[in-house]
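Take a look at the structure set out below.
So that the names make sense, note that chain A is the first sequence line, chain B the second, and so on, each numbered from 1. All of these numbers come straight from a predicted model, not from anything done at the bench.
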Amino acid sequence: MDFRISDEQRLLRDTARKVLAEATGTSGDDAWMPFRELGWTALPIDEAHDGLGGSLVDLAFLLEELGRARCQVPYLECCVLPAMLLKALASRGVAHAELLGSLARGEQRLGVAVEERSSAESVGAFSTRLAATPSGFRLIGEKLLVVGGAACDGLLVVAVADHETCLVYVPPDAAGVRIRGYSAVDGRELADIEFVDVPVSESAVLARGTAVDEALVEAQAIALTLQCADIVGAMEASMEMTAEYLQQRQQFGQKLASFQALQHGMAVLFIACNEARSMLFRALSALGQADISLRRRAASGCKVKVAACARQVTGMAVQYHGALGMTTEYAVGHYLRRSIVAEQLFGNAHYHLAMCLADHAAVAK
Amino acid sequence: MDFRISDEQRLLRDTARKVLAEATGTSGDDAWMPFRELGWTALPIDEAHDGLGGSLVDLAFLLEELGRARCQVPYLECCVLPAMLLKALASRGVAHAELLGSLARGEQRLGVAVEERSSAESVGAFSTRLAATPSGFRLIGEKLLVVGGAACDGLLVVAVADHETCLVYVPPDAAGVRIRGYSAVDGRELADIEFVDVPVSESAVLARGTAVDEALVEAQAIALTLQCADIVGAMEASMEMTAEYLQQRQQFGQKLASFQALQHGMAVLFIACNEARSMLFRALSALGQADISLRRRAASGCKVKVAACARQVTGMAVQYHGALGMTTEYAVGHYLRRSIVAEQLFGNAHYHLAMCLADHAAVAK
Amino acid sequence: MELDFTAQEQAFEEEVQRFLADALPPSLAAKEAQGFHLHRRDVAPWHQALWRKGWIAPGWPQHFGGTGWLPMERFLFERACGVANAPEVSLIALSMVGPVLCEFGSDALRERFLEPIRRGDLWFCQGFSEPEAGSDLAAVRCRTRFEGDSIVLNGHKIWTTDAHIADYMICLARTSDVGRPREGLSMILIPMDAPGVRVRPIATLDGDHHINEVFLEDVAVPLENLVGEVNSGWAQARYLLGRERTHNAYVGMLRRYLARFPGLLQRQLAAGLDARVADGLLRDHVQLSLDVEAHEWSVLRLLADEESSQLRAGASAVKIRGSELLMKASELELMALGSQVIPAMTPAMTHTTAQPLPAGAGADAPGRVTQSLYWRAAAIFGGTNEIQRGIIYSTLFHR
Amino acid sequence: MELDFTAQEQAFEEEVQRFLADALPPSLAAKEAQGFHLHRRDVAPWHQALWRKGWIAPGWPQHFGGTGWLPMERFLFERACGVANAPEVSLIALSMVGPVLCEFGSDALRERFLEPIRRGDLWFCQGFSEPEAGSDLAAVRCRTRFEGDSIVLNGHKIWTTDAHIADYMICLARTSDVGRPREGLSMILIPMDAPGVRVRPIATLDGDHHINEVFLEDVAVPLENLVGEVNSGWAQARYLLGRERTHNAYVGMLRRYLARFPGLLQRQLAAGLDARVADGLLRDHVQLSLDVEAHEWSVLRLLADEESSQLRAGASAVKIRGSELLMKASELELMALGSQVIPAMTPAMTHTTAQPLPAGAGADAPGRVTQSLYWRAAAIFGGTNEIQRGIIYSTLFHR
């Protein structure tokens, strides 16, 4: 075990911090540019598919910087998550090299359409279905909260056919695809997508059956953990910004930083940030384990802990900024909004605690 | 609604504070003396039975002082609780005037034997039983955690006969009564009591059936609430003692009280004490309601809240005393021990939260 | 000591509830329940209804149009309004300007302002805070000079709720540099359409527009707009603080949250929420309910206990707890609604058909994040929770 | 960055676990699990076993008998010991006196003390704290004067763990009044049987006897008992502090609590605990488990990250959290055991048949309250949590 950051990781982190800080305010294709040009789209993908073969830890460092910069690019959702899904399928013998390659080269951003009205994130309970037709299939159903779904180049849709889960590739401009984009509370872009008898060819059905179920669990555990890396970046930035503010702001004739109660409050925030980072490392470590249920549980546990710490840190950061913290003109509040959205995306702490509890009860029996 | 303390209540409180402070260290019959002489044994009982007809609020004021003085006299358990039980029976047409009178006059201290091994406090699930004999009954079973049980003048035992709950009067020196006394963590005296074929006459069976079940619920709700009054007294004393200590103790060349982090910590302790008192008043008010389930729920809620506040306050009071707080030579730790015992007696916060939750779920349906 | 509501108090509460059922427009209540910031024009019908009923200014002396209610009755009124989703009406005018004028104002000022405030014709904003005077009001800098019959103001006010829709500002300004800083302050009424008044909106986290910066550049107002004695502003501010002991406790709002949670949870369960998740949420809800009960009784004690020396500490305690519990209550709703609360939602999405809601967001979702973020302000405005803890310590324990 | 234990580390851990299974007497483990304070003679067999294995002094330099383990191996060793209910052995002698002598002591002192300490023949207590020098060690007053070949001490030490059973005290005493207070301190080894040493027991909340006051009245010790240079006591104390970054995190102990809770809860359920109550307890247990996981990884990061500038803050953080989590973990056991923990229980009740347990108390109950109360000390001794928060702030944020 060695927590020393490698030179490559340091370079990645420092570059990302600089580039993303400069890119603040860009959007759309412009905002994606550095992700392609600096090879970040290639990072999650192995070298055989034009990728850079980065580790999960490398990705976590990058995601932290996205959180710190409050970056709105759906890199996690439209590049890392589909890459992990395709890699998990490939490791189960279902290869889609061309898609991985196009992700790596930044030619395609793929929206992953999983969540449905009332699906409550339970695997395998999807109502979007793939019906057989004489010439292939048609896709019928509705997917919600597809991050980056209104500005992607292809959709990976989870659907059910013959009681089997399948993963379907759908071009966003296919007939019958109705995309309604909207912004999240923190400004990130999402879409609800309706599929009204969308024609799907045999070759567009990327995989079927257990492989899809397992790949989903595997990829979602990774995405959940990396989302936590984003949150950790956001909360650390929020803490640092607050320490800075306390040094500047005068009240009652002295710096706020001179008040011991606030100093001790900052110590509590450090502990929360520190534990969130520790929990992140633990999950990253667990993701290397063979047992898939261990990975899922570690990711759930990570979300529970990191979300709780983020609630505390980003909330108190606003509090310590006083009224200024309530304004959108000042960055600290944006971290709070980002952490609120992140908490509810991919399942909140209540959901994942229930998952841990269920696992625990199952293990105990 | 009027929270002003009456002149009588103020007199009661001030007298109790003075007398109990002077009585610290006395035990046994000596310790009971002021309770008899000052009419406190008569307080829970109505005038018709030689009592003083005090209100629950009067009793709460007195119990607070017991908590504050860390008084070990089982006044609540051997006087108030049996009085409430007998009054509740009386209001259901089962009068035992002579027992009430002897309680009021301080002639009898009655241990109330309810809890059993693994009974988990669920009403009506008692395994102690009353078996019919040609000449009356015999009592068979074991009762645990009878506060004051080793030094009382009579026992009120809850048992089952013919699937009915009954309340039985048993003299502690009756044949077959085996009392094993022991001390609690905070020094109060309890006993486990075994009943080995104890002969019981017809007249010793004080009541049977629903009346007993209801009276138990009613009296226990009152005892639980008054126990909270004791805890409130203990935590307030603990807080005041700590504020005092911070004024005296020097570290790093200044009074501890000059450290803002500790000042704010004391403010948090005040809030906890204040809310505990508020919750106590709420429960005292609810005990006046007609609906017995409302009373039970209010008492449970009171225990949940007051116990949580007490944990926080008595624990932090020790913390703020530093190493001194860890010693038995200094009083602050005794408040912590008292609150630990009080928490677990009559059901802890986890138990009563589950009760509230069950009630809530039942109401919601 | 009497720990029950009297029959009279209970009857009063029922009367208020009946009135609310009759007079509060359901569409307004629904809008208020969502939690978006309401505009003056939204609230107007309810203001009118209260005015007609004679209940518009409960906190004023009776001979100026107050109701003559005891503190407990005011509490019951406010709690019932909170539970029934009645919006607050013109808070600054009715709870601050009115009482200050009644206590300190000249007859002429009372004549000019009290009746229009009661009718709802005049809307006020409060100009106390400045960039360098947040928690520390004694640091107010806004300058004044006296020119003939006028006072001329120059200053920069901030966090001014409703400045963009108000007719007047009640402004705390410096009228003297002699003595301690707090001894040179005065309250002055400024028409918002006076030349030199400039309002700049401040966008807040919750996504609504309700607060502003106000720049005063050579704003001249008549001398008679100065309230009470010159340099008595601090005393007036303290007066206001002292009489508003329990409003910031938000009991009505908390009861509103508690009351609607079981239904919200039922709807979520029906829509597919995992039962194990619901178990945990319900547990937190029950715990929160107990916390709110204790909090409410702390407020009742402040209302009814007239002899306690702990009043000031108790008021700070309920302000702290009110904000903490509101944050918890609103967070619990977010947890129950889960991903439904992710989309940024605006009043336009829910009150018009122009912009549809995102497909996943049910009727419970709009306004939830907005309101949750807004409650952060409850721990900041009117003296941060940190300030309140300092007050508690110094009131109770300082020697 | 490498976030997995290496094969070597895993093999090491298994070796430790095998050794524990072989060499730790089950009766001692059972006694330790209860949590009553163990006596020197209880621990002796385990000390012997570790000594024979060569694992008695992991923290010492290898040429003085240390194991040469890396920090991560020491951690794995301590964690495995904690989980297996192995007691701590002669903590002061092995973790403080030994390392200080190795680093600062003369050859003569090392010769006299190191081997007997390793063998378990010498037991030490630590004489740092004084009534007026608790968190603030620079305020130590214990006076010394040099008389010929002797140092004569006069002072009053307090909170001295095991003074009543120790052979020696390592005493922080004032050897100079020149300069800053911390610059006039020295470490001195005092035989506890020296004339003028008087030990008074301090009864603690947990009901055990483990701490004492020690009065030193004209206690003469040979000059050579002074460790290292005169007036270098502060540096030595700092040295000890700096190398013990993670012991106070109590990871092994926390894992012990987590490991036994499910079984304890099962037994309670079997004995009639309400299932709804158990639900809530299990929920808290799972939450606590996650907190402990995060805490453990914070400790791992301190061990393995050699370049971080946050080491000092991180060490304070894990000390704070270690104590907080221990208090939570032990409280959760109390909650699960309910009224079973009410009776005052002594080791005599459980280790002998002389005094039976109260009828309601099952095998899980003895020692639970004692240990729970004892953990309060973890938030106090070695620098209170308040002190640690100050250290975190000044290390990370102070400018």
Side-chain angles (χ1 to χ4, degrees), chain B residues 1-6 9 55-58 60-61 239-240 242-244 246-247 255 257 260 262-289 298 300-302 304-306 308-309 352-354 356-357 359-361 363-364, chain C residues 1-6 9-10 70-72 75-76 261-263 265-266 278-279 282-287 289-308 310 313-314 316-318 320-321 324 385-399:
Chain B
M1 198 168 277
D2 181 358
F3 291 89
R4 279 172 302 184
I5 183 170
S6 72
Q9 286 164 342
S55 67
L56 292 180
V57 175
D58 298 336
F61 274 112
M239 170 182 75
E240 289 161 18
T242 304
E244 200 65 39
L246 295 183
Q247 291 289 343
K255 286 197 297 193
Q260 194 195 29
L262 302 185
Q263 293 179 354
H264 282 207
M266 288 304 297
V268 172
L269 298 195
F270 166 71
I271 292 174
C273 286
N274 192 50
E275 293 207 326
R277 174 172 293 284
S278 299
M279 202 66 176
L280 170 64
F281 285 165
R282 171 186 179 252
L284 288 168
S285 168
L287 289 175
Q289 305 240 4
S300 280
C302 186
V304 173
K305 180 76 188 175
V306 170
C309 292
H352 285 289
L353 183 64
C356 292
L357 200 53
D359 283 341
H360 193 95
V363 168
Chain C
M1 197 167 280
E2 175 49 57
L3 298 181
D4 294 310
F5 287 109
T6 61
E9 286 162 347
Q10 287 175 38
L70 296 168
M72 190 61 77
F75 168 83
L76 291 171
F261 190 78
L265 195 58
Q266 281 301 332
D279 279 351
L282 192 61
R283 188 178 185 80
D284 286 3
H285 168 70
V286 169
Q287 181 66 65
S289 306
L290 295 175
D291 289 340
V292 171
E293 289 288 356
H295 175 63
E296 178 169 317
W297 277 76
S298 292
V299 171
L300 291 171
R301 287 168 59 211
L302 284 176
L303 294 174
D305 184 348
E306 306 197 348
E307 62 173 329
S308 165
Q310 304 190 335
S316 290
V318 298
I320 291 171
R321 288 298 285 159
E324 288 176 349
N385 285 1
E386 288 73 26
I387 298 280
Q388 305 299 336
R389 282 191 274 273
I391 291 172
I392 291 173
Y393 184 83
S394 62
T395 311
L396 292 179
F397 302 118
H398 188 64
R399 271 196 268 143

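- Here the NE2 atom belonging to H295(C) is positioned 14.0 Å from the CZ atom belonging to R282(B), to the nearest 0.5 angstrom.
- Here the NZ atom belonging to K305(B) is positioned 15.0 Å from the CH2 atom belonging to W297(C), to the nearest 0.5 angstrom.
- Both the backbone and the side chain of E386(C) come within less than 4.5 Å of a heavy atom of chain B.
- What you find for M1(C) and V57(B) is that their closest heavy atoms are SD-CG1, 3.7 Å.
- Residues L353(B) and L290(C) are in side-chain contact: their nearest non-hydrogen atoms beyond the backbone lie under 4.5 Å apart.
- Taking the side chain as every heavy atom from C-beta outward, R277(B) and R301(C) approach each other to under 4.5 Å.
- The CD atom of E324(C) sits 6.5 Å away from atom CD1 of I271(B), with the distance rounded to the nearest 0.5 Å.
- If you tally non-hydrogen atom pairs under 4.5 Å between each of Q260(B), E244(B), K255(B) and chain C, the highest count goes to E244(B).
- Neither side chain, N274(B) nor R321(C), offers a donor N or O lying under 3.5 Å from an acceptor on the other.
- Only the side chain of I320(C) has a heavy atom closer than 4.5 Å to any heavy atom of chain B.
- Taking E2(C) as the reference, nothing meets the salt bridge (Lys or Arg N to Asp or Glu O under 4.0 Å) condition, with sequence neighbours excluded.
- Considering all non-hydrogen atoms of both residues, A294(C) and E275(B) come closest at CB-O, 3.8 Å.
- Using a 4.5 Å cut-off between heavy atoms, D279(C) does not touch chain B at all.
- With a 4.5 angstrom heavy-atom cutoff, F270(B) touches chain C only via side-chain atoms.
- Nearest approach of F3(B) to L3(C), heavy atoms of both residues: CE2-CD2, 3.6 Å.
- Summarising the geometry, atom OG1 belonging to T6(C) is positioned 8.5 Å from atom CE belonging to M1(B); distances are rounded to the nearest 0.5 Å.
- Residues passing the ring pair (Phe, Tyr, Trp, His ring centres under 6.0 Å) test with Y393(C), sequence neighbours excluded: F397(C).
- Proximity of Q263(B) to R389(C): side-chain heavy atoms (C-beta onward) are nowhere separated by under 4.5 Å.
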